[in-house]
Amino acid sequence: WRDVVMPRPKDTTTTEAPKPWVRTIYDSAKEIVTPTVIAGITFSAEPDKESDPLKPWVSLKKDGSPVTIKPEIKNGRTKNAYPSYSTYFQNVYTTSLTYEDLGKPQNMDPDDIFEKEIFVDDDDTYTSLNPVMRCTPLSYFQKGPAKNILSEPFCSPREKTNLKVDDTYFITWYTKFFTHPVTEQIAEKVRLHFTYVKEDARDKNLHKR
Amino acid sequence: PEKATFFITEWLNNVDGIFPLEVQEAWLQGQAYRAILVTIQPDYINDDEFLPSTADNGLEFIIKLGSKVFKTTKEQLALQDAGIYNDSIYYIILAIPMCVVVTFVGMYFFLYLTKGNRDFSDIKSSVLKSRHRVIGRIKDIKKFRGIKNHKYEELPQFKKVSKQN
């Protein structure tokens, strides 16, 4: 036998509910940010005062359901760290530097012009408040019957996965995929269309009820 | 724009690149599962020009009812309230082992009552023993009469010869 463990009474006056907070953006402009909790993940939460390199982040499973990843240090190296996005969320500029600008390099002709690519990070004013891993072309998957079609612009969920009623899944896409064909400006707004399709005969009736 | 389209989101900030989707049971329209296609319409494409079925980006997946634990349904409860219990299956489940038990009990009493009327003397060991053919000694058999049976001799053994001996 063992002692009965009585459940703790629920604290109805919890302080864990995220509250709105104020932040300064773009020099002096201020705004009120209201955190949102979706599927247990708090979006737009107030950042900690001290930056934690081992701060948990949210990855997505194949079906788009969230999973929290906790980084840890093992043998002096950080395991399961927040992913780096390479240059996918950077803008590249080309600057021309003359012989004098470069300090007269010995192997450069004085009449030549050296072109240097400079990568500048995108504005992360709003994206930094998103704890979920962002979608980049590195996370694309192969789809189609022969698995030879790239899933762009989607990273999750995987094709033909089962999404259950009342569960929350995250559809993610690479934001820079949508560029205007003429102006090459990245689309500011998008919207999703959900459409019924006829299921392939080969996949029909193969779903577990 | 298309008949098969059943849900369109509001305009979202593309910079977020994420949309939380909670699957609604109404989308299944009474079916257990349905295949759906998700397409993204950027703001530089007009509503008239955007057709999900011909969009160059699209992702297909299945929406389905979740797992359910089987319980007595409302229909079954209504029938029970009306005094209708569809329990004929229990009679079948109980009848089969009962038939087996009754058969074995009947067999026991039948054997008990007829125990004096059985004669197994022809298969008793004494009867079988009497039927064994005695062939006699080997040397009396005509075929082996001329065989000379040598007595046992010891096998040659190795004798160690050493200087000490």
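Just so it is clear, the values below take in all heavy atoms, side chains as well, and ignore hydrogens, waters and symmetry mates. All figures in this text were calculated on a predicted structure; none of them were measured in a lab. Numbers restart at 1 for each chain; the letters A, B, ... are given by sequence-line order, proteins then strands.
Residues of residues 95-108 of chain B having a heavy atom under 4.5 Å from any heavy atom of chain A: none.
Ring centers of B:F19 and A:F170: at least 6.0 Å apart, outside the cut-off. Taking the six-membered ring wherever Trp is involved, the centroid distance between the rings of A:H193 and B:F50 falls below 6.0 Å.
Remark: the B:N13 side chain and the A:K189 side chain contain an N/O donor-acceptor pair separated by less than 3.5 Å. Looking at B:N57 and A:W173, their side chains never bring a donor and an acceptor atom within 3.5 Å of each other.
Distance alone, capped at 3.5 Å, is enough to place a donor-acceptor pair between the A:Y196 side chain and the B:W27 backbone. Under the 3.5 Å distance criterion, the side-chain polar atoms of B:Y44 are matched with a main-chain donor or acceptor of A:T179.
Remark: A:Y82 engages A:Y85 in a side chain to side chain donor-acceptor pair (under 3.5 Å) (not counting sequence neighbours). Residues passing the ring-ring contact (aromatic ring centres under 6.0 Å, His included) test with A:F114, sequence neighbours excluded: none. Residues satisfying the side-chain contact (heavy atoms from CB on, under 4.5 Å) test with A:R158, not counting sequence neighbours, are A:K62, A:F141, A:T161.
Among A:T168, A:I41, A:V182, A:N130, the residue making the largest number of heavy-atom pairs under 4.5 Å with chain B is A:T168.
Residue contact with chain B, scored on non-hydrogen atoms closer than 4.5 Å, involves the side chain of A:V132 exclusively.
The two residues B:N14 and A:T175 make their nearest non-hydrogen contact at O-CG2, 2.6 Å.
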